[in-house]
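Everything numeric here is computed off the predicted structure, so don't read it as measured data. In what follows, every chain begins at residue 1, and chains take the letters A, B, ... in the order their sequences are listed.
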Amino acid sequence: AQSVTQLDSHVSVSEGTPVLLRCNYSSSYSPSLFWYVQHPNKGLQLLLKYTSAATLVKGINGFEAEFKKSETSFHLTKPSAHMSDAAEYFCVVSDQPGRRALTFGSGTRLQVQP
Amino acid sequence: DTGVSQNPRHKITKRGQNVTFRCDPISEHNRLYWYRQTLGQGPEFLTYFQNEAQLEKSRLLSDRFSAERPKGSFSTLEIQRTEQGDSAMYLCASSRPGTSLTDTQYFGPGTRLTVL
């Protein structure tokens, strides 16, 4: 069975400092991995996705993530946080052949302090 | 794209009542998904349609839940005899035609259900 574990439920950073949101996955197959962001009262938005091409994936708004198979990790980073980055972030896995269901982690709430 | 739309955005109902939610996917997206998100958790998959065919159903989708997509466009999700445990955000997503399992799912804003 596939699963994702987001290691931090809350992360707080100061504006202009780096962001690191951690995600470990468990998969029996070659996974596809995603990061989605959810702002209050808005729909989930895809930040980036990994689909077995380049292991370093660049997404929108300056975010990127690196797929590390040996560590079963897919951590999300951004060099410099902006106030508008404050939101809930979800690590997501899809790996089961023939199935389209996404499996979400429990989320990490990012706070950005001025 | 005008985005995935869901109606209503909020629904308050009394235990035992039936409720129905509607999802309009992005035009020309032939795949449609329903998820449920409870407070403090990530979304959980409920069911998936390709055109009008319901191809996947989660064990979470009890007999009280039924989803339809009669003409392969909009979809409805009905919950019969609601229970307090049904209180959640119900999310709809759609994706475009293709063979890749990594097609991006575009999510709507959700319908928040509160069962009193």
Atom group of B:Arg9 that falls short of 4.5 Å from chain A, counting heavy atoms: side chain
Joint hydrophobic cluster, B:Met89 plus B:Phe45, side-chain heavy atoms closer than 4.5 Å: yes
Atom CG of B:Leu39 with >12 non-hydrogen neighbours under 6.0 angstrom: no
side-chain contact (heavy atoms from CB on, under 4.5 Å) evaluation trace for A:Tyr36 with B:Gln105: CA-CA 10 Å; A:Tyr36 276 83; B:Gln105 295 184 23; 3.9 Å; yes
Toward chain B, the part of A:Gln45 with a non-hydrogen atom under 4.5 Å: neither
Same cluster (ILVMFWY, side-chain, under 4.5 Å), B:Tyr33 and B:Leu77: no
Connected via hydrophobic side-chain network under 4.5 Å: A:Phe63 and A:Tyr50: yes
Path from B:Leu60 to B:Leu113 over hydrophobic side-chain contacts below 4.5 Å: yes
Any donor-acceptor N/O pair, A:Glu88 side chain to B:Gly42 backbone, under 3.5 Å: no
Pairs flagged by ring-ring contact (aromatic ring centres under 6.0 Å, His included) wherever residues 59-94 of chain B is involved - sequence neighbours left out: B:Phe21-B:Tyr90
Heavy-atom proximity to chain A below 4.5 Å, by part of B:Gln6: neither
ILVMFWY network linking A:Tyr89 to A:Val19, side-chain heavy atoms under 4.5 angstrom: yes
A:Leu44, part contacting chain B, at a heavy-atom distance under 4.5 Å: both
Approximate separation, where rounding is to 0.5 Å, of A:Phe90 CZ and B:Gln41 CD: 9.0 Å
List the atom pairs, donor and acceptor, that lie under 3.5 Å between side-chain atoms in residues 69-83 of chain A and the rest of the protein, sequence neighbours left out.
from    : atom 1 : to      : atom 2 : distance (Å)
A:His75 : ND1    : A:Cys23 : N      : 2.9
A:His75 : ND1    : A:Cys23 : O      : 3.4
A:Thr77 : OG1    : A:Glu64 : O      : 3.3
A:Lys78 : NZ     : A:Asn61 : O      : 3.0
A:Lys78 : NZ     : A:Asp85 : OD1    : 3.0
A:Lys78 : NZ     : A:Asp85 : OD2    : 2.8
A:Ser80 : OG     : A:Gly16 : O      : 3.4
A:His82 : ND1    : A:Ser84 : N      : 3.1
A:His82 : ND1    : A:Ser84 : OG     : 2.9

Region of B:Leu55 that comes under 4.5 Å of a non-hydrogen atom in chain A: neither
Contacts of residues 104-114 of chain A with chain B (heavy atom under 4.5 Å): A:Phe104, A:Gly105, A:Ser106
Within 6.0 angstrom of B:Ile12 CD1, more than 12 heavy atoms from elsewhere: no
Atom CZ of B:Arg64: over 12 foreign heavy atoms under 6.0 Å: yes
B:Gln80: side-chain hydrogen bond (donor to acceptor under 3.5 Å, both in side chains) partners, not counting sequence neighbours: none
Rounded distance [0.5 Å steps], CD in B:Gln50 versus CZ in A:Arg100: 6.5 Å
B:Tyr35 (side chain) donor-acceptor with A:Leu102 (main chain) under 3.5 angstrom: yes
